[in-house]
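Below: one structure, written as structure tokens.
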Amino acid sequence: MAMNEAANVVVMVGGVGGAKLALGLAGVLPPERLTIIVNTGDDFWHYGLRICPDLDTVLYTLSGRVEQSQGWGVAGDTIVTLEALRGLGEDTWFRLGDRDIATHLLRTHMLREGASLTAVIQRLSRAMGIQHTVLPMADEPVATMVDTDEHGELDFQTYFVRHRWQPRVHGLRYTGADAARLAPAARLALEQADIVLIGPSNPWLSIAPILALPGVRDLL
């Protein structure tokens, strides 16, 4: 089937590359015909905040907020809070822009109040003026763990950002995937899809966590 405005299209993505494809699709497909399902295996807790790097990259890209030079983060963001933490002796290895922190604060507050991650992303999408549907792959936490020679098992952000992807990798594990499930809205979107696209995202770190959820491969 050729892609057209009458087809229901679902695209499964990770971060920067997938976000760019999502932006291109959003430019040619009406909101009711495009659903973007995003990897959450990169999500983690940092200073008590729930950080969702891939989801935020997609949201910032679709809303025109993204820092174009790097493909992630908020354009023109400041790091006053990060510099204050550094002044208190913290190792600020993970960059948190001040406006970016607002996203994390609201998300964490809503999650602690009992909202699902799907509901949080819907709220953030509306606030950012995004008309197309952006969904997390799951509402339950899934963590991509990287088995390295030098440091043993690391969560993805520690491996990728703190150690700058230098440790030798000989295995990956998607912790929590067996107990999680494809988010109900994401399942419905796939069930109703005419076309499913796999984004230009890292196959092991961005796409495989989505496929690791029970039943996803069979559904596809």
Side-chain angles (χ1 to χ4, degrees), residues 10-16 18-19 22-23 25-26 31-32 34-67 71-75 77 81 94-144 155-157 161 174-177 179-192 199 201 205-207 209-210 212-214 216:
V10 172
V11 59
M12 300 164 61
V13 303
V16 177
L23 179 63
L25 291 170
E32 67 273 13
L34 175 64
T35 300
I36 303 148
I37 298 176
V38 185
N39 168 53
T40 60
D42 295 0
D43 297 4
F44 74 121
W45 291 96
H46 194 55
Y47 289 113
L49 300 175
R50 189 60 174 170
I51 315 295
C52 302
D54 284 0
L55 278 164
D56 291 347
T57 294
V58 171
L59 293 177
Y60 295 155
T61 299
L62 291 176
S63 65
R65 287 169 165 78
V66 76
E67 176 54 63
W72 50 268
V74 179
D77 211 351
T81 302
F94 191 84
R95 182 184 174 91
L96 292 172
D98 296 316
R99 279 180 279 182
D100 191 32
I101 288 174
T103 301
H104 308 321
L105 281 170
L106 180 57
R107 174 169 43 236
T108 304
H109 171 71
M110 291 184 66
L111 290 172
R112 293 195 185 281
E113 289 289 308
S116 67
L117 184 56
T118 296
V120 172
I121 298 307
Q122 289 174 339
R123 164 78 183 275
L124 291 172
S125 293
R126 289 194 301 270
M128 294 183 192
I130 298 169
Q131 295 183 322
H132 293 76
T133 300
V134 179
L135 299 171
M137 70 182 198
D139 289 319
E140 300 86 0
V142 176
T144 297
D155 67 83
F156 174 73
Q157 296 301 333
V161 180
Y174 310 113
T175 305
R181 60 172 181 157
L182 186 65
R187 173 171 290 276
L188 180 62
L190 284 173
E191 289 172 346
Q192 296 178 344
S201 305
L205 301 173
S206 297
I207 302 303
I210 305 176
L213 296 171
V216 171

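Only a predicted model underlies this, so the values are computations on that prediction, with no experimental measurement involved.
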**Request:** Would you indicate whether the side-chain heavy atoms of T81 and L96 approach each other to under 4.5 Å?
**Result:** no
**Asked** If you take all heavy atoms of T118 and A183, which pair is closest and at what distance?
**Response** OG1-CB, 3.8 Å
**Asked** What pair of heavy atoms forms the shortest contact from A180 to P214, and how long is it?
**Response** O-CD, 3.3 Å
**Straight-line distance of L135 CG to T40 OG1, nearest 0.5 Å** = 11.5 Å
**Complete:** Shortest non-hydrogen pair, L117 vs P136, comes out as CD2-CB, 3.7 Å
**Validation row: D98, D77 side chains within 4.5 angstrom (heavy atoms)** = yes
**Nearest-0.5 Å distance, CG of residue L59 to SG of residue C52** = 9.5 Å
**Asked** Is there a side chain to side chain contact (heavy atoms under 4.5 Å, CB included) between L190 and I37 once you walk through the steps?
**Response** CA-CA 9 Å; L190 284 173; I37 298 176; 4.0 Å; yes
**Request:** Return yes if some donor-acceptor pair links the side-chain N/O of S116 with the main-chain N/O of A119 below 3.5 Å, else return no.
**Result:** yes
**Request:** Count the heavy atoms of every other residue, nucleotide or ligand shown that sit under 6.0 Å from CZ of R99, and state whether that count exceeds 12.
**Result:** yes
**Prompt:** Out of curiosity, W72 CH2 to D100 CG, how far, rounded to the nearest 0.5 Å?
**Reply:** 9.0 Å
**Prompt:** When V58 is tested against each of D54, D56, L55, L62 for side chain to side chain contact (heavy atoms under 4.5 Å, CB included), which residue passes?
**Reply:** L62
**Pairwise side-chain contact, P184 with D139, heavy-atom cut-off 4.5 Å (strictly under)** = yes
**Asked** Considering all heavy atoms of both residues, which atom of G14 and which atom of S201 are nearest to each other, and what is their separation?
**Response** N-OG, 2.9 Å
**Message:** So T103 and M128, do their side chains get closer than 4.5 Å, heavy atoms only?
**Reply:** yes
**Prompt:** Do V13 and S206 come close enough that some side-chain heavy atom pair is under 4.5 Å?
**Reply:** no
**Request:** State whether the side chain of S63 and the backbone N or O of Y60 hold a donor-acceptor pair below 3.5 Å, judged by distance alone.
**Result:** yes
**Prompt:** Side chains of I121 and V38: does their closest heavy-atom pair fall under 4.5 Å?
**Reply:** no
**Asked** For the atom pair OH (Y174) and CG (L213), what is the distance rounded to the nearest 0.5 Å?
**Response** 11.0 Å
**Prompt:** Would a 4.5 Å heavy-atom cut-off, applied to side chains only, mark L49 and I51 as touching?
**Reply:** yes
**Heavy-atom donor-acceptor pair, R107 side chain to V120 backbone, under 3.5 Å** = no
**Message:** Restricting to non-hydrogen atoms, name the atom on R112 and the atom on G48 that form the minimum distance, rounded to 0.1 Å.
**Reply:** NH2-O, 3.7 Å
**Message:** I need the E67 CD to T61 OG1 distance, nearest 0.5 Å.
**Reply:** 11.0 Å
**Asked** Closest approach of G15 and T57, non-hydrogen atoms and distance?
**Response** C-CG2, 3.9 Å
**Item:** Atom pair CZ/CG of R50 and L105 - distance to nearest 0.5 Å
**Value:** 15.0 Å
**Request:** Evaluate the side-chain proximity of P31 to T133: yes if any heavy-atom separation is below 4.5 Å, no if none is.
**Result:** no
